Amino acid sequence: MKIALGIIGATGRIGKLLLSSALEDPAFCIAGGVAQKNSESIGQDLGSLISRPTIGAILHPQVETALENADIGIDFSSPSLLVEILDAALHLKKPLVLGTTGYSEKEREKIKEASQEIPILYSPNFSFGIALCLETVAFLAKNLYGDAYIDIVETHHIHKKDAPSGSALALAKAIGNGKIINNPSHSPRSKEEIVIHAIRFGETIGEHVVIFEWGEERIEIKHQAHSREAFAKGALKAAKFLIQKQPGLYSVKDLFSTVLYQI
Ligand SMILES: NC(=O)c1ccc[n+]([C@@H]2O[C@H](COP(=O)([O-])OP(=O)(O)OC[C@H]3O[C@@H](n4cnc5c(N)ncnc54)[C@H](OP(=O)(O)O)[C@@H]3O)[C@@H](O)[C@H]2O)c1
């Protein structure tokens with residue numbers, strides 16, 4: 001049986017890639033999609049977004065309608081849609097893959113609460129490379145936190161709405177309980193502070209560099225996403241993983257753990 005997807009943010013950069021990647025994969029079919037209420041795509045077949053013939057699923061203005069015939073919802077849209085997404089998924093008892101970034105602390109709490117009733121996998125970055133970087137920086141931090149200056153430099157395209165990136169915040173969290181400072185203008189600084197420098201430049205898809213510098217030495221861990229397909233493929237892997245799970249809050253660590261520990 002195919003897994004029927006409800007794609008929230010279907011008209012966006014990642015949404016359209018999700019659509020084309022899912023159609024290439026025999027494990028999936030498309031049940032529906034969500035677009036902005038005032039979008040001219042409302043009511044159209046999702047195939048029209050990626051110049052494909054009709055695929056028999058249409059774009060809805062409401063999340064609940066788009067998820068009605070879906071087995072799972074995948075969201076790459078905006079934090080402003082979170083309450084509607086959680087309400088719909090809780091009402092219909094559908095699992096959710098959440099990829100939107102820029103959630104507040106309060107919104108993250110709401111996700112956690114909802115995960116008591118439905119399975120949710122949230123990640124600000126679905127690439128395998130960032131999952132490996134999270135493990136790597138956690139290992140380095142065990143040896144260096146407090147003794148090295150730690151900086152994270154993240155660069156993204158000029159259309160990105162949030163800063164710093166969710167991935168930079170996740171990397172900082174993996175390093176430890178250090179105080180995070182964004183784009184600092186002051187000095188001197190303490191080695192307990194993790195400094196995040198957010199750069200918005202051209203059409204850069206996503207680049208993260210974590211720098212540990214101490215004494216006469218420096219280690220840099222760098223990840224570059226060459227294509228947004230890395231995120232779409234990771235999110236589809238998450239959908240396959242989550243469909244069999246009990247309610248709970250899952251992360252990419254659960255998703256990639258078997259692969260990570262085989263390396
Ligand atoms: N987790 C990851 O691996 C990962 C990777 C890349 C990006 N992201 C995050 O995913 C999100 C989307 O990224 P993107 O580059 O695809 O952005 P995008 O191209 O701007 O697409 C956003 C999509 O959400 C829709 N949308 C926004 N607000 C909405 C609302 N209130 N109601 C209904 N639909 C709404 C947009 O509709 P319109 O087209 O009508 O505006 C569009 O379809 C961002 O938060 C981004 O940071 C996550």
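On a predicted model such as this, the values are computed, not experimentally measured, just so you know. One-based numbering, in listed order, for ligands and for the atoms of each.
Judged by distance alone, the side chains of Ser78 and Ser80 do bring a donor and an acceptor atom under 3.5 Å apart.
In terms of N/O distances under 3.5 Å, ligand 1 is approached by Gly12. Some N or O of Phe126 is nearer than 3.5 Å to an N or O of ligand 1, by distance alone. For ligand 1, one of its N or O atoms has an N or O atom of Arg13 under 3.5 Å away.
Here the protein heavy atom with the shortest distance to atom 33 (C) of ligand 1 is Leu81 CD2, 3.5 Å. Here the protein heavy atom with the shortest distance to atom 45 (O) of ligand 1 is Thr101 N, 3.1 Å. For atom 11 (C) of ligand 1, the nearest protein heavy atom (residue, atom name, distance) is Ser77 O, 3.5 Å. The protein heavy atom nearest to atom 48 (C) of ligand 1 is Gly99 O, 2.9 Å. For atom 10 (O) of ligand 1, the closest non-hydrogen atom on the protein side is Phe76 CD2, 3.5 Å.
Within the 4.0 Å heavy-atom criterion, neither part of Ser127 lies near ligand 1.
Note on Arg108 versus Glu105: salt bridge recorded, some NZ/NE/NH1/NH2 to OD/OE distance being below 4.0 Å. Salt bridge Glu154/Arg200: present, at least one basic N to carboxylate O contact under 4.0 Å. Ion pairing between a basic and an acidic side chain is recognised when a charged N comes within 4.0 Å of a carboxylate O; Lys240 and Asp25 show such pairing.
The six-membered or imidazole ring of Tyr103 lies near that of Tyr122, with a centre-to-centre distance under 6.0 Å.
Remark: among candidates Arg228, Gln36, Glu40, the nearest residue to atom 40 (O) of ligand 1 is Gln36, based on non-hydrogen atoms. Taking each of Thr11, Leu17, Thr100, Leu59 in turn, the one with a heavy atom nearest to atom 36 (C) of ligand 1 proves to be Thr11. In the candidate list Ile7, Ile14, Asp162, Ile14 is nearest to atom 6 (C) of ligand 1, counting heavy atoms.
Residue-ligand proximity, Ser80 to ligand 1, at heavy-atom distances under 4.0 Å covers atoms 31 (N). Below 4.0 Å from some heavy atom of Ser78 lie the following atoms of ligand 1, by number and element: 27 (C), 28 (N). Per-residue contacts place Lys160 under 4.0 angstrom from the following atoms of ligand 1 (heavy atoms of the residue considered): 47 (O). In the vicinity of Asn125, heavy-atom distances shorter than 4.0 Å reach the ligand 1 atoms 1 (N), 2 (C), 3 (O). For ligand 1, the atoms sitting less than 4.0 Å from at least one non-hydrogen atom of Ser123 are 1 (N), numbered in the order shown with element in parentheses.
For the pair Pro124 and ligand 1, a heavy-atom separation below 4.0 Å is found.
The closest donor-acceptor contact from the side chain of Lys160 to the backbone of Ser165 lies at 3.5 Å or more, if one exists at all.
Of all non-hydrogen atoms in Val252 and Asn125, the two that sit nearest each other are CG1-O, 3.7 Å.
For the pair Lys2 and Phe28, the cation-pi criterion (under 6.0 Å, within 45° of the ring axis) is not fulfilled.
In this structure the side chain of Lys94 never reaches within 4.5 angstrom of the side chain of Glu68, judged on heavy atoms.
In this structure, Phe256 and Phe128 have tilted ring planes: the angle between them lies in the 30° to 60° band.
Within a 6.0 Å radius of NZ in Lys37, other residues, nucleotides and ligands contribute more than 12 heavy atoms.
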